[in-house]
Amino acid sequence: MNGIINVIKPMGMSSHQVVGYLRRLLNTKRVGHAGTLDPGAGGILTICVGQATKLVQFMVDYDKAYVAEMTLGLATSTQDGGGATEEVTTNFRITPKRLADVMAQFRGEIEQIPPMASAVQVEGRRLYELQRQGVTVERQPRCVTISDLHINKIWNEYEDILTFGSRVLFYVECSKGTYVRTLCHDIGAKLGVGAHLSFLSRVRSGPFTFDNAYTLESITDMVEDGDTSFLLPMTAALPDWPQVKVSPLAENRIRHGNFIRPSDLLDVPQELHIDDQVFLLDLEGNVLALGQVRDAGGLICQPIRVFVEG
């Protein structure tokens with residue numbers, strides 16, 4: 001069984017627990033995810049099964065999109081609702097315009113300091129492990145990109161003023177490695193009132209959205225009925241990569257990781273250039289390998305990841 005499963009992860013379940021559940025359900029060990037989603041968050045979690053686990057390294061760089069809720073006036077140790085209260089600010093009045101102006105300052109390339117409650121490693125230790133021991137260490141800021149950030153809705157006691165406990169629902173598109181809870185924390189600090197993340201749902205991970213996603217319950221029901229249509233082809237993981245069919249005479253070379261020549265390519269959907277990356281398929285459309293076009297005294301296509309059936 002090889003392919004991609006676009007899972008709707010429930011809140012309260014870790015990404016590792018989702019992987020474990022699917023390993024048992026599908027009776028296969030080769031299952032992995034292409035980007036962690038915090039236990040307290042829900043939404044899109046892309047799962048790779050079988051040979052598709054070799055695609056993970058090409059998928060983790062995808063941009064992500066989230067719908068999040070930020071609560072003003074209270075900052076926590078984990079920057080979300082699961083941490084201890086660190087700061088409470090009750091006496092403030094902020095206009096929606098002031099909020100929008102501050103949030104606009106976080107669009108584009110920004111720096112974030114990873115929270116202690118994160119999986120980032122420092123000297124071989126996960127930050128969240130150190131935090132559980134009451135240890136705080138210095139973290140280096142990281143550059144991330146916020147490509148879109150806008151307010152969807154504001155819940156506040158007064159019609160035109162945000163006060164303690166006001167909640168802000170917003171949409172954000174960002175690069176890999178972005179912490180939305182840190183974004184909330186930093187916006188609160190910029191406003192001078194403190195804030196934390198009170199809800200998070202990932203609505204897109206690269207090409208994967210809710211349109212072709214399944215809950216664990218629906219996947220379980222389908223497996224019990226012998227239906228595996230939830231399993232997407234491996235090519236779905238990298239939809240921008242051209243899919244090139246090759247001559248049967250070249251398949252053995254590909255399986256051994258040896259380069260092939262342009263004459264071995266039988267069905268090329270578009271013009272290829274040096275450094276282009278492609279799927280190499282057999283005549284039936286099965287994925288043989290990922291390849292890259294290179295110059296070796298003439299154009300060749302070098303397999304960079306080989307997939308072995310069986």
Side-chain angles (χ1 to χ4, degrees), residues 6-13 15 35-46 62-76 78-83 89-90 92-112 115 117-118 144-215:
N6 189 16
V7 174
I8 302 175
K9 188 188 86 66
M11 293 180 181
M13 195 174 189
S15 300
T36 302
L37 193 56
D38 286 345
I44 299 301
L45 181 67
T46 310
Y62 274 134
D63 287 352
K64 312 293 193 300
Y66 301 87
V67 170
E69 181 190 77
M70 172 176 59
T71 298
L72 300 180
L74 193 152
T76 73
T78 56
Q79 302 179 348
D80 60 18
T89 306
T90 58
F92 64 87
R93 295 169 66 85
I94 296 173
T95 65
K97 183 179 184 307
R98 168 65 176 155
L99 172 66
D101 288 345
V102 167
M103 291 182 68
Q105 298 176 31
F106 288 85
R107 295 194 189 104
E109 189 173 287
I110 64 171
E111 285 192 342
Q112 285 190 331
S118 68
V144 298
T145 301
I146 308 295
S147 53
D148 190 8
L149 177 63
H150 62 259
I151 299 169
N152 287 348
K153 187 176 178 61
I154 296 174
W155 290 277
N156 50 324
E157 185 177 355
Y158 303 100
E159 184 175 352
D160 296 322
I161 296 293
L162 286 80
T163 59
F164 175 75
S166 292
R167 295 174 293 142
V168 181
L169 188 72
F170 65 91
Y171 173 84
V172 57
E173 291 183 4
C174 52
S175 62
K176 74 163 187 175
T178 301
Y179 288 95
V180 181
R181 50 198 159 111
T182 300
L183 178 64
C184 293
H185 176 274
D186 293 349
I187 291 172
K190 192 79 172 180
L191 288 167
V193 302
H196 69 276
L197 175 72
S198 44
F199 169 83
L200 183 66
S201 176
R202 187 153 69 195
V203 297
R204 181 178 63 79
S205 179
F208 298 99
T209 67
F210 282 109
D211 291 339
N212 57 353
Y214 297 85
T215 64

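Side chain of T209 to backbone of D211: a donor-acceptor contact under 3.5 angstrom is found. One N or O on the side chain of R181 and one on the backbone of T78 form a donor-acceptor pair closer than 3.5 Å. Between the side chain of R98 and the backbone N or O of A100 there is no donor-acceptor pair closer than 3.5 Å. A distance-only check finds a donor-acceptor pair linking the side chain of D80 to the backbone of G82 [under 3.5 Å]. With Q112 contributing its side chain and T182 its backbone, the two residues share no donor-acceptor pair below 3.5 Å. Judged purely by atom type and a 3.5 angstrom limit, H196 has no side-chain atom pairing as donor or acceptor with the backbone of G81. A donor-acceptor contact shorter than 3.5 Å links the side chain of R202 to the backbone of I44. At least one donor-acceptor pair under 3.5 Å links the side chain of S147 to the backbone N or O of E173. For the pair K9 (side chain) and V7 (backbone), a donor-acceptor distance under 3.5 Å is absent.
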- Message: For a side chain to side chain contact (heavy atoms under 4.5 Å, CB included) check, start with the C-alpha distance between D160 and T95, then their side-chain angles and the critical distance, and finish with the verdict.
- Response: CA-CA 6 Å; D160 296 322; T95 65; over 6 Å; no
- Message: Does K190 form a salt bridge (Lys or Arg N to Asp or Glu O under 4.0 Å) with D186? I'd like the steps, not just the answer.
- Response: CA-CA 6 Å; K190 192 79 172 180; D186 293 349; over 6 Å; no
- Verdict with supporting geometry, V168 and L99, side chain to side chain contact (heavy atoms under 4.5 Å, CB included): CA-CA 9 Å; V168 181; L99 172 66; 3.6 Å; yes
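I154 contributes atom CD1, which lies 5.0 Å from atom CG of L162 (distance to the nearest 0.5 angstrom). Distance check: T71 OG1 to F199 CZ gives 12.0 Å after rounding to the nearest 0.5 Å. Between F106 atom CZ and L149 atom CG the span is 9.0 Å, to the nearest 0.5 Å. For the atom pair N6 CG and N212 CG, the distance stands at 4.5 Å (nearest 0.5 Å).
Here the shortest heavy-atom pairing between A65 and Y171 reads CB-OH, 3.5 Å. E69 and W155 get closest at one heavy-atom pair: OE2-CZ3, 3.8 Å. The heavy-atom pair separating G73 from F164 by the smallest distance is O-CE1, 3.5 Å. Considering all non-hydrogen atoms of both residues, V180 and Y66 come closest at CG2-CD1, 3.8 Å. Of all non-hydrogen atoms in G40 and M11, the two that sit nearest each other are O-CG, 3.7 Å.
Contacts of T163 classified as side-chain contact (heavy atoms from CB on, under 4.5 Å), with partners at least two apart in sequence or in another chain: R93, Y158, I161, S166.
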